[in-house]
Amino acid sequence: MLSVGLIREHPELIQESLIKRGASEKVQMIDEILREDKRRREALTLQQTKQQDLNSESRSISTLMRAGKKEEAQTAIERQKHLKSDIKDLAQEITSSENALSELLLAIPNIPHESVPDGLTEANNVILHTHGEIPAFEFTPLPHWEIATRHGMIDFERGAKVAGAGFPFYMGIGAQLHRTLIQLFIDTATPDYTEVRPPLFVNPASAQGTGQLPDKEGQMYSVGDGFYPIPTAEVPLTNYYRDEILAESDLPVRLCAHSPCWRREAGSYGAHVRGLNRLHQFDKVEIVQLTHPEHSYDVLEDMRRHAEHLLKILELPYRCLLMCAGEMGFNQTKQYDLEVWSAGQRRWLEVSSISNFTDYQARRLNLKFRPEHGGRPQLVHTLNGSALALPRIVAALLENNQKEDGSFELPSVCSP
RNA sequence: GGAGGGGUGGCAGAGUGGUUGAAUGCACUGGUCUUGAAAACCAGCGUGCCGAAAGGUACCGGGGGUUCGAAUCCCUCCCCCUCCGCCA
């Protein structure tokens, strides 16, 4: 969430950013926030004054009691009665005000960085660069689900029988390719990132910390005992230091993890969800950094280059998009998407999303660092990126490297 | 799952109803001393919120309660430890 202080000082800035994101219906919420914030602070100040009176009364009662002046103490106790009831009423007002305020604040998205292009639709995303040649075929290239099925690499039907649509079995060389890619992605990350095997279920506090709750509740599965299967390793990785104050010298924190990811994908349908395009369970290698606020945008570029490097060594044609304000995630200030060419489907598939959240997530996470040269603890900046999501990489590898006779030849890095 | 014990500042560890946001030690920061360092000594050293500031207020796992007053008593939830059981 954004800080109330920032909204208080620059309401017009936030309103502009809402319009830029195509959320003009939320502009009036800023005024509500300002009103609610004022109400809260007034009640709080009054309550604190009364509390101060009460405290000093209590201290004098203590003195009277010790001196054995019971009657005087009794009078003072009587005097406290209405003070206490005022405090109680004010506390109620403060609570209701705080609840209203935090509900409003949760509805306000992060502020797009100045370098983020205007626009509300896919068409307004900027293609920053394209790498590699889109392969030309003398025959009609097949979609990956046909290639994979033909070679017995992936069994969608039995996956549907055993679990449901979107839960494929990878079999034989399919499973092996999958494993090799995970190994490649992790090995490429570990010179810079600490490898993590995270919990695959998290509690509600963690889901809230990274912003899955309350806004994206419908995206996650939930299991008994209040746990959520992670929709991405971002959740456990970014929550790792939740509610902690790091030393400035601990920054940047760099973590990477391979994990399965579970997503309900409610409302998805049609050809775009065929095969490996959109699954309820898929694997991904995620990279996360916690940085000093001054460095987060440089780090964002590093992380983008890291993900692009993987696509290069996989020899996959890809393009890098800078997402426009309206297409960016709610928590992000700047987001890159990497898309690979899918020869069989003749379209681009998103395989990575790399984002800077600045302090927006960190505020919810209560994740700070102590400045080396004194001063109060400051919020870190959090960033994450996929490096990379597995299924669509498998899809693109098969489709782009297929031959007319139905076979395929993958780059040597894909061999175990 | 059963029985018991426990959660206090970066760490260790006092504190069982009254100026306790919290002793003491360690760690850390600054200073004195020293050619320099160590040692010794002195001082400082949690977080949030309100406030221009002075200052105030809240926080001793979370929430609620009793009381004029709660780290301290009660209820509840969470977590950790020990023993037993079960088990990859």
Side-chain angles (χ1 to χ4, degrees), chain A residues 1-10 33-102 104-105 197 199-209 213 222-228 236 239-251 253 290 359-380:
Chain A
M1 59 175 81
L2 294 175
S3 92
V4 203
L6 179 69
I7 298 176
R8 202 186 297 148
E9 282 162 41
H10 304 288
I33 289 174
L34 293 176
R35 271 199 302 278
E36 207 56 67
D37 175 50
K38 189 159 180 257
R39 185 182 143 213
R40 177 184 130 263
R41 278 150 67 217
E42 281 169 359
L44 190 61
T45 307
L46 189 57
Q47 191 215 28
Q48 289 185 356
T49 313
K50 287 183 186 280
Q51 185 67 50
Q52 190 175 356
D53 293 345
L54 188 69
N55 287 346
S56 73
E57 284 275 27
S58 289
R59 275 189 290 268
S60 51
I61 290 169
S62 146
T63 319
L64 293 170
M65 292 290 227
R66 287 184 202 188
K69 300 180 182 168
K70 283 231 164 109
E71 278 174 28
E72 286 178 51
Q74 202 50 49
T75 344
I77 289 168
E78 287 302 317
R79 265 206 308 272
Q80 282 189 330
K81 289 241 165 87
H82 57 272
L83 212 45
K84 288 185 75 176
S85 100
D86 285 357
I87 289 171
K88 207 169 182 180
D89 292 348
L90 284 164
Q92 232 163 45
E93 188 174 341
I94 292 162
T95 306
S96 95
S97 194
E98 275 172 351
N99 291 341
L101 193 58
S102 94
L104 286 163
L105 284 172
R197 298 265 318 160
L200 303 180
F201 293 176
V202 294
N203 58 29
S206 297
Q208 247 161 53
L213 290 179
S222 68
V223 296
D225 298 326
F227 290 119
Y228 294 94
N239 272 281
Y240 185 73
Y241 287 116
R242 167 160 55 86
D243 289 319
E244 295 192 34
I245 300 173
L246 305 174
E248 184 172 342
S249 57
D250 292 336
L251 302 179
V253 170
L290 311 179
D359 62 4
Y360 189 90
Q361 235 178 11
R363 185 167 292 104
R364 266 189 175 186
L365 290 160
N366 188 25
L367 174 41
K368 303 183 176 182
F369 71 96
R370 203 179 293 283
E372 225 148 57
H373 300 292
R376 327 177 102 203
Q378 269 184 64
L379 294 165
V380 302

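All of these numbers come straight from a predicted model, not from anything done at the bench. Below, chains carry the letters A, B, ... as their sequence lines are ordered, and counting in each starts from 1.
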*Asks:* For A:Ser96, which of A:Arg40, A:Glu36, A:Arg39 qualifies under side-chain hydrogen bond (donor to acceptor under 3.5 Å, both in side chains)?
*Replies:*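 One option only clears the test, and that one is A:Arg39.
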*Asks:* Give every pair of a protein N or O atom and an N or O atom of nucleotides 43-51 of chain B that lie under 3.5 Å apart, one pair per line with the distance.
*Replies:*
residue	atom	partner	partner atom	Å
B:U47	OP1	A:Arg370	NH1	2.6
B:G48	OP1	A:Lys368	NZ	2.9
B:C49	O3'	A:Arg40	NH2	3.3
B:C50	OP1	A:Arg40	NH2	3.2
B:C50	O2'	A:Thr45	OG1	3.0
B:G51	OP1	A:Arg41	NE	3.1
B:G51	OP1	A:Arg41	NH2	2.9

*Asks:* Polar pairs (N or O, both sides) under 3.5 Å between protein and nucleotides 60-68 of chain B?
*Replies:*
residue	atom	partner	partner atom	Å
B:C68	O3'	A:Lys84	NZ	3.3
B:C68	O2'	A:Ser58	OG	3.4
B:C68	O2'	A:Gln80	OE1	2.1
B:C68	O2'	A:Gln80	NE2	3.1

*Asks:* Sequence neighbours left out, what passes side chain to side chain contact (heavy atoms under 4.5 Å, CB included) with A:Asn366? Give chain and number order.
*Replies:*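 Scan of A:Asn366 (side chain to side chain contact (heavy atoms under 4.5 Å, CB included), adjacent residues dropped) gives A:Asp243, A:Lys368.
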*Asks:* Using the C1' atom as the point on both nucleotides, what is the distance between B:G10 and B:A27, in whole Å?
*Replies:* 8 Å
*Asks:* Kindly write out the residues that satisfy salt bridge (charged side-chain N to carboxylate O under 4.0 Å, His left out) with A:Arg364, not counting sequence neighbours, or none if the list is empty.
*Replies:*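 A:Arg364 satisfies salt bridge (charged side-chain N to carboxylate O under 4.0 Å, His left out) with A:Asp215 only.
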*Asks:* Can you tell me, in whole Å, how much space there is between the P of B:A70 and that of B:G55?
*Replies:*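 After rounding to an integer number of Å, I get 25 Å for this pair.
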*Asks:* Which residues pass the salt bridge (charged side-chain N to carboxylate O under 4.0 Å, His left out) test with A:Glu42, sequence neighbours left out?
*Replies:*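 A:Glu42 satisfies salt bridge (charged side-chain N to carboxylate O under 4.0 Å, His left out) with A:Lys38 only.
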*Asks:* With A:Ser249, which residues qualify under side chain to side chain contact (heavy atoms under 4.5 Å, CB included), at least two apart?
*Replies:*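 Expected list: A:Ala247, A:Glu372.
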*Asks:* What is the pairing partner of B:G10, taking Watson-Crick or G-U wobble pairs with both distances under 3.5 Å in any strand?
*Replies:*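 The answer is B:C26, by the H-bond criterion.
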*Asks:* Tell me which nucleotide, if any, is Watson-Crick or G-U wobble paired with B:U57 when both distances must be under 3.5 Å.
*Replies:* B:G48
*Asks:* The criterion is side chain to side chain contact (heavy atoms under 4.5 Å, CB included); which residues satisfy it with A:Leu83, sequence neighbours excluded?
*Replies:* A:Lys50, A:Asp53, A:Leu54
*Asks:* When the P atoms of B:A40 and B:G25 are considered, how many whole Å apart are they?
*Replies:* 12 Å
*Asks:* At under 4.0 Å between heavy atoms, how does the protein contact nucleotides 75-81 of chain B? Give one character per nucleotide, 5' to 3', with B, S or -.
*Replies:* -------
*Asks:* Could you tell me which nucleotide pairs with B:C73 by Watson-Crick or G-U wobble geometry, both distances under 3.5 Å, or answer none if nothing does?
*Replies:* B:G65
*Asks:* Looking at A:Glu57, A:Gln52, A:Gln51, which hits side-chain hydrogen bond (donor to acceptor under 3.5 Å, both in side chains) with A:Asn55?
*Replies:*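 Among A:Glu57, A:Gln52, A:Gln51, the one meeting side-chain hydrogen bond (donor to acceptor under 3.5 Å, both in side chains) with A:Asn55 is A:Gln51.
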*Asks:* For A:Glu244, give me all partners under salt bridge (charged side-chain N to carboxylate O under 4.0 Å, His left out), at least two apart in sequence or on another chain.
*Replies:* none
*Asks:* Can you tell me the base-pairing partner of B:G4? Count Watson-Crick or G-U wobble geometry only, both distances below 3.5 Å, and say none if there is no partner.
*Replies:*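 Partner of B:G4: B:C81.
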*Asks:* If the condition is side chain to side chain contact (heavy atoms under 4.5 Å, CB included), which residues does A:Asn99 pass it with, not counting sequence neighbours?
*Replies:* A:Thr95
*Asks:* State the pairing partner of B:A40; accept Watson-Crick or G-U wobble contacts with both distances under 3.5 Å, and report none otherwise.
*Replies:*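 Paired with B:U32.
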*Asks:* What residues form a salt bridge (charged side-chain N to carboxylate O under 4.0 Å, His left out) with A:Arg363, not counting sequence neighbours?
*Replies:* A:Asp359
*Asks:* Please measure how far the P atom in B:U16 lies from the corresponding atom in B:C26, and state the result in whole Å.
*Replies:* 24 Å
*Asks:* Got a sec, which residues hit side-chain hydrogen bond (donor to acceptor under 3.5 Å, both in side chains) with A:Ser206, two or more places apart in sequence or on another chain?
*Replies:* A:Asn203, A:Arg242
*Asks:* Write down the distance between CD (A:Gln52) and P (B:A54), rounded to a whole number of angstrom.
*Replies:*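 Going from A:Gln52 (CD) to B:A54 (P), I get 15 Å.
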*Asks:* Determine the interatomic distance between P on B:A14 and the same-named atom on B:U8; round to the nearest Å.
*Replies:* 11 Å
*Asks:* Would you kindly give the CD1-to-C1' distance between A:Ile87 and B:U57, to the nearest whole Å?
*Replies:*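 From A:Ile87 CD1 to B:U57 C1': 11 Å.
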